[in-house]
Amino acid sequence: METDRGPDDGELRLIDWDLAASLGRRLISSGPKVDPQEAREAVAQLRECAVAAREPVAATTGLRTGPDAPPARVVDRGRWIEANVASFQVMFEPVLRAVAAKARESGRPAPPEAFQMVSGKLTGTEVAALLAYLSAKILGQYDLAPGRPADQAALLLVAPNIVEVERELGVNPRDFRLWVCLHEETHRVQFTAVPWLRDHLLAETDALAVGLAPDPDAMLARVRELAGNVREALSPGGTGLAGLFLGPEQKRRVARLTAVMSLLEGHADVVMDEVGPQVVPSVREIRQRFEKRRDGLGIFDVMIRRLLGMEAKMAQYRTGALFVRGVQDRVGVEGFNAVWAQPENLPSPEEIAEPALWVNRVHGLSLIHI
């Protein structure tokens with residue numbers, strides 16, 4: 001896989017992306033055992049379920065896209081890794097440029113090529129290990145295709161993981177596959193029916209990433225603070241290792257971005273549960289078993305999730321769903337859809353936890369009368 005796009009002189013070569021992709025594939029854990037016929041049938045049915053999810057999601061959300069939407073891509077764990085390495089490379093380029101610029105401003109010479117090569121191998125290995133772990137957890141993803149035209153964004157469904165979870169839960173395979181597709185199709189609609197949302201989210205992510213580029217003079221002082229913050233970062237709902245390096249401004253940016261992600265994930269969960277009873281006969285059983293599985297993770301998996309900040313992502317589903325339901329209870333689906341009108345209508349960190357605050361700001365309704 002060609003991922004190295006030849007960074008210019010203003011960027012450090014500190015991540016070996018080709019190594020991240022190739023090693024990540026080699027580190028993938030073994031998936032469920034399926035014979036070729038089973039694999040072909042699962043792929044075909046996932047594609048069919050992705051199409052079947054479109055109309056009920058559109059009808060429930062009130063958000064519609066053109067009929068020429070590209071089909072979902074059903075991928076294995078290796079292809080998922082390749083797609084995310086390509087996205088990570090684009091997203092990290094401005095960060096590496098910012099690091100190089102700060103080094104130049106401080107009068108420090110760029111690290112020697114040999115040092116960059118060794119660092120790149122080490123960091124590429126770390127990225128590979130991270131993606132290999134995540135590749136066994138992700139059921140679906142809407143790939144925003146950063147750095148590429150919007151029409152290259154695509155819905156990814158990770159077939160071996162979906163098959164593995166449906167077997168583990170002991171649920172009806174087609175019902176589970178359609179249930180997953182309802183959630184992921186909602187994400188596709190969010191980003192395709194709301195044209196500004198993709199660029200807004202990518203811009204916010206880029207701004208946060210560049211802001212995290214370490215200043216050589218401040219880095220040592222920041223590292224000294226870590227010991228006192230480790231317990232907080234690794235506590236339930238903590239920000240994970242990345243949170244240890246956040247300054248006040250970065251924390252504010254993370255809070256705003258987290259509010260938006262909570263909105264997107266919660267909205268997808270609400271739509272999944274509202275549409276589910278109409279088209280997924282065993283939806284109640286699936287939801288109960290799926291939630292029980294989330295709560296029954298082993299200690300090793302829990303610690304890994306805390307290290308990566310993934311427990312905070314789990315909380316996004318719950319917080320966001322409460323926000324969406326709270327708003328819809330007050331102003332209905334149409335009133336809720338004002339959230340997609342412009343970036344200024346996205347909920348703030350305070351509003352995502354208090355739907356009435358958002359309703360009051362956007363719709364001008366007195367809290368007394370809500």
Side-chain angles (χ1 to χ4, degrees), residues 53-70 141-146 148-155 182-208 252-275 313 315-370:
R54 290 183 179 180
E55 180 53 34
V57 166
T60 300
T61 63
L63 302 174
R64 291 186 177 272
T65 58
D68 56 346
Q141 171 189 342
Y142 188 70
D143 179 11
L144 295 179
R148 288 172 280 162
D151 60 7
Q152 292 188 26
L155 176 59
L182 292 171
H183 182 102
E184 302 305 333
E185 168 64 12
T186 304
H187 286 319
R188 188 193 70 80
V189 168
Q190 290 166 346
F191 286 103
T192 52
V194 185
W196 55 264
L197 183 59
R198 172 180 177 268
D199 289 342
H200 174 78
L201 192 61
L202 289 175
E204 287 291 303
T205 303
D206 284 349
L208 173 61
R252 283 190 288 272
R253 285 186 178 275
V254 167
R256 291 198 298 270
L257 191 58
T258 298
V260 176
M261 295 305 297
S262 296
L263 166 71
L264 299 179
E265 296 294 357
H267 183 229
D269 252 18
V270 168
V271 172
M272 173 198 284
D273 286 343
E274 289 185 0
V275 175
K313 181 173 178 60
Q316 289 175 10
Y317 292 90
R318 293 185 288 272
T319 302
L322 289 173
F323 171 82
V324 174
R325 291 191 176 100
V327 171
Q328 291 184 353
D329 286 347
R330 292 166 168 84
V331 294
V333 172
E334 185 175 349
F336 165 78
N337 280 346
V339 79
W340 313 119
Q342 57 185 347
E344 291 74 18
N345 283 15
L346 293 171
S348 69
E350 295 76 23
E351 290 168 344
I352 199 71
E354 293 288 344
L357 297 178
W358 182 88
V359 172
N360 184 50
R361 177 173 68 86
V362 173
H363 290 282
L365 300 180
S366 170
L367 298 182
I368 297 176
H369 297 101
I370 297 179

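Side chains are part of it too, since the values below use all heavy atoms of this structure and drop only hydrogens, waters and symmetry mates. In this text the structure is predicted, and so the values were computed from the model without any measurement.
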Taking the inter-plane angle between the rings of H363 and W358 on a 0 to 90° scale, is it parallel (under 30°), tilted (30 to 60°) or perpendicular (over 60°)? perpendicular
Would you check if there is a donor-acceptor pair between the side chains of [Y] and [X] at a distance under 3.5 Å?
| X | Y | answer |
| --- | --- | --- |
| Q190 | H187 | yes |
| N345 | Q342 | yes |
| T65 | R188 | yes |

Measure across [X] and [Y] and return the closest heavy-atom pair with its distance rounded to 0.1 Å.
| X | Y | answer |
| --- | --- | --- |
| V362 | A338 | CG1-CB, 4.0 Å |
| P70 | R54 | O-NH2, 3.1 Å |
| T61 | N337 | O-ND2, 2.8 Å |
| R198 | L144 | NE-O, 2.6 Å |
| P347 | A259 | O-CB, 3.6 Å |
| T186 | A268 | CG2-CA, 3.7 Å |

Go through it in stages, so that I can follow the logic: the residues are V327 and V339, the test is side chain to side chain contact (heavy atoms under 4.5 Å, CB included), and I'd like the CA-CA distance, side-chain angles, deciding distance and then a yes or no. CA-CA 10 Å; V327 171; V339 79; over 6 Å; no
Separation of [Y] [atom2] from [X] [atom1] (nearest 0.5 Å):
| X | Y | atom1 | atom2 | answer |
| --- | --- | --- | --- | --- |
| D143 | F191 | CG | CZ | 11.0 Å |
| E351 | N360 | CD | CG | 9.0 Å |
| T205 | L257 | OG1 | CG | 5.0 Å |
| L182 | D269 | CG | CG | 11.0 Å |
| T258 | I352 | OG1 | CD1 | 10.0 Å |
| H267 | H183 | NE2 | NE2 | 11.0 Å |

Less than 4.0 angstrom from a charged side-chain N to a carboxylate O is my criterion; do E55 and R64 meet it? yes
Distance-only, no hydrogens or angles: does the W196 side chain make a donor-acceptor pair with backbone N or O of W340 under 3.5 Å? yes
If only atom types and distance count, is the side chain of R330 paired as donor or acceptor with the main-chain N or O of G335 below 3.5 Å? no
Give a yes or no on whether E344 atom CD has more than 12 heavy-atom contacts from other residues, nucleotides or ligands under 6.0 Å away. yes
E274 versus V333: any side-chain heavy-atom pair under 4.5 Å? no
Do V189 and V271 have side chains that approach each other closer than 4.5 Å (heavy atoms only, starting at C-beta)? no
